[in-house]
Amino acid sequence: MSDTPELLAIPAPRVVDPGQGVTIEADSMGTTVAGWAGRLDDVGVRAGHVVALQLANRWEAVAVLRACWQVGAVAFPVHHRIGNAERDRLVARAGASALLTASVGEPSLEPRDPDPSSVDDDLDRPSADGGTLALLLATSGSTGEPKIVRHTHAGLAHKARTMVTAHGLTAGDVVLMPAPLAHISGMLNGILLPGQAGMTTVLMDRWDPDGAIELIEEHGVSFMIGPPTFFLDLRASPSFTPEAVRSLRLVSCGGSSVTPAFVQETARAFDAVVKRTYGSTEAPTVTTWHAGDPAPLAERTDGRPTLGVRLRLVDPEDEQPVADGGTGALQVAGPEVCDGYTQQAATRQAFTSDGWFRTGDLATISAEGWLTIVGRVAATIIR
């Protein structure tokens with residue numbers, strides 16, 4: 001497991017868990033991680049095994065994820081609000097050897113006996129770049145049964161390192177994380193990126209705009225990332241005042257509803273930099289407005305590529321390159337792009353023969369390399 005230390009080399013962030021009234025300092029996390037690694041060992045988890053986690057945004061999730069990587073296991077966080085039947089189907093497809101759950105109180109860890117007949121057919125293949133598998137994440141399943149995405153240590157570590165610079169974050173920043181840690185945004189922006197930057201992560205186990213404003217003011221939150229609804233909710237809250245959110249300096253939003261008007265109005269309301277960001281579970285944050293870029297481009301475009309990302313536009317029908325300045329189906333390649341899915345058919349459908357990921361989005365790319373998403377290749381697919 002030569003590349004396993006790539007993620008473990010990223011320190012744990014300082015974690016504030018208001019729901020449980022717990023703060024875990026970064027330098028105290030190691031002891032807790034070692035304890036969880038021992039518990040994983042006790043239930044038979046070994047290198048290469050999959051460990052499923054169904055936890056709300058609790059500080060234990062950070063410790064258990066790191067414990068998985070410490071013993072060489074693959075972590076599979078699943079959304080804490082899905083029902084037991086859907087969870088068990090996902091756990092079976094991933095061939096999980098253990099399941100960690102918690103509603104209240106101490107999380108419960110139980111061994112699982114994978115049924116080979118239920119396990120996805122492409123789970124155990126070696127990664128395309130020779131890296132070690134670190135993380136599985138389920139997609140939303142908006143077009144059918146959820147796909148299970150494979151991410152490697154190398155890809156996630158690269159993304160954490162590059163986004164600290166792209167966002168212009170420092171150890172003095174504090175992120176508020178209401179997005180589930182079972183989503184790529186929660187994982188990246190709530191655990192890995194803050195650890196790389198030496199930041200503090202303030203967790204929320206459920207979205208509540210009034211509670212969020214209290215946490216922003218109490219903890220000096222300076223960075224948030226999420227869909228526009230979060231920030232519209234904050235602005236509409238009776239608790240909202242410019243003074244209460246004065247610490248917030250950077251807001252990053254993704255999704256088709258991030259319009260220039262939304263960016264302008266939210267920037268005025270919060271007196272903060274508000275920018276558009278583009279990515280997905282499979283290819284997290286491939287473009288964004290970078291610290292120091294011209295401000296108008298944060299409003300009008302979905303950003304420029306982050307370090308190592310390559311973009312190309314092709315005709316949706318024959319996948320031939322489109323002319324410069326034209327609109328085409330967006331394909332992405334780069335170190336952070338996932339290592340396919342746990343099902344061979346899904347991987348073949350989503351990736352070209354030369355390894356580019358078909359995003360399913362229609363886009364334009366300016367001569368200077370700025371991306372703008374303009375629609376979907378298939379209107380029935382929800383972005």
Side-chain angles (χ1 to χ4, degrees), residues 3 6-7 9-10 125-137 139 147-169 183-189 191-193 196-197 225 252 254-255 275-291 293 297 301-314 319 321-322 324 328-342 346-373 377 383:
D3 63 343
E6 289 192 66
L7 273 186
I10 297 176
R125 67 169 171 81
S127 67
D129 61 1
T132 302
L133 198 62
L135 185 73
L136 302 177
L137 290 174
T139 64
K147 302 181 184 71
I148 301 177
V149 180
R150 296 163 40 109
H151 277 289
T152 64
H153 279 267
L156 293 172
H158 168 85
K159 189 79 273 182
R161 291 191 297 264
T162 59
M163 292 315 299
V164 171
T165 302
H167 289 319
L169 298 169
H183 287 176
I184 190 62
S185 182
M187 173 68 59
L188 177 63
N189 299 291
I191 299 177
L192 299 178
L193 187 154
Q196 178 68 29
I225 187 165
S252 182
K275 62 174 180 171
R276 290 159 60 169
T277 293
Y278 173 76
S280 63
T281 303
E282 294 89 343
T285 319
V286 293
T287 64
T288 191
W289 178 90
H290 297 231
D293 283 339
L297 292 170
T301 78
D302 291 291
R304 60 183 175 91
T306 55
L307 183 65
V309 168
R310 293 172 290 152
L311 309 175
R312 71 184 185 189
L313 299 178
V314 300
E319 294 198 323
V322 301
D324 290 346
L330 176 65
Q331 297 180 354
V332 176
E336 64 271 71
V337 175
C338 73
D339 190 59
Y341 302 98
T342 56
T347 301
R348 286 195 299 268
Q349 184 177 17
F351 285 82
T352 66
S353 59
D354 56 349
W356 289 68
F357 173 62
R358 300 179 174 105
T359 67
D361 287 312
L362 291 171
T364 62
I365 301 174
S366 73
E368 298 76 23
W370 290 81
L371 175 76
T372 303
I373 302 298
V377 173
R383 176 176 175 230

Quiz item: To the nearest 0.5 Å, what is the distance between CH2 (W370) and CD1 (I365)?
Solution: 13.0 Å
Quiz item: Heavy-atom count around D354 CG within 6.0 Å, excluding the residue itself: above 12?
Solution: yes
Quiz prompt | Test side chain to side chain contact (heavy atoms under 4.5 Å, CB included) applied to V286 and T359, V309, D302, L330, the passing residue | solution = V309
Exercise. Could you tell me whether the side chain of R358 reaches within less than 4.5 Å of the side chain of T352, counting heavy atoms only?
Key: yes
Quiz item: Rounded to the nearest 0.5 Å, how far does OG1 of T139 lie from CD1 of I184?
Solution: 12.5 Å
Quiz item: Do R276's NZ or CZ and the ring of W289 fall within the cation-pi criteria of under 6.0 Å and 45°?
Solution: no
Practice problem: Measure up the F357 and F351 rings against each other and bin them: parallel (under 30°), tilted (30 to 60°), perpendicular (over 60°). | Solution: tilted
Quiz prompt | Results of side chain to side chain donor-acceptor pair (under 3.5 Å) for S252 - residues two or more places apart only | solution = T277
Quiz item: What's the shortest heavy-atom distance between H151 and P284, and which atoms?
Solution: CE1-CD, 4.0 Å
Exercise. Could you grab the distance from atom CG of L156 to atom CD1 of I10, nearest 0.5 Å is fine?
Key: 8.0 Å
Self-check item: Test item: V377 and D361 side chains (from C-beta on) under 4.5 Å apart, heavy atoms
Solution: no
Self-check item: Cationic N near anionic O, under 4.0 Å, E282 to K147
Solution: no
Quiz prompt | Any Y278 side-chain heavy atom under 4.5 Å of T288 side chain | solution = no
Quiz item: So do L7 and L192 actually touch side chain to side chain, heavy atoms under 4.5 Å?
Solution: yes
Quiz prompt | Between OG1 on residue T162 and CG on residue L307, distance to nearest 0.5 Å | solution = 6.0 Å
Exercise. Heavy atoms only: give me the nearest D339-S127 pair and the separation to one decimal.
Key: OD2-CA, 3.1 Å
Exercise. Taking all non-hydrogen atoms of both residues into account, name the closest pair between L362 and A329 and its distance.
Key: CD2-N, 3.9 Å
Quiz item: Is a donor on one side and an acceptor on the other found under 3.5 Å between the side chain of R310 and the backbone of G334?
Solution: no
Practice problem: Could I get the full list of salt bridge (Lys or Arg N to Asp or Glu O under 4.0 Å) partners for R304, not counting sequence neighbours? | Solution: D293
Quiz item: Quick one: are T285 and L188 in side-chain contact, heavy atoms under 4.5 Å?
Solution: yes
Self-check item: Distance, nearest 0.5 Å, that separates CD of E6 from OG1 of T132
Solution: 8.5 Å
Quiz item: Looking just at side-chain N and O atoms, do Q331 and R312 make a donor-acceptor pair shorter than 3.5 Å?
Solution: yes
Practice problem: First locate atom CG of L135, then atom OG1 of T152, and finally report the distance between them rounded to the nearest 0.5 Å. | Solution: 10.0 Å
Quiz item: Looking only at heavy atoms, what is the nearest atom pair of H290 and T306, with distance?
Solution: CE1-CA, 3.9 Å
Exercise. Mind checking salt bridge (Lys or Arg N to Asp or Glu O under 4.0 Å) for E336 and listing every partner two or more places apart, or none if nothing turns up?
Key: K159
Quiz prompt | Smallest separation among heavy atoms of L311 and P305, with atom names | solution = CD1-CG, 3.7 Å
Practice problem: Report yes or no: does R150 contribute a side-chain atom to a donor-acceptor pair with the main-chain N or O of R125 at less than 3.5 Å? | Solution: yes
Self-check item: Nearest heavy-atom neighbours spanning H153 and A134
Solution: CD2-CB, 3.3 Å
Quiz item: Taking C-beta and beyond as the side chain, do Y341 and I148 meet within less than 4.5 Å on heavy atoms?
Solution: no
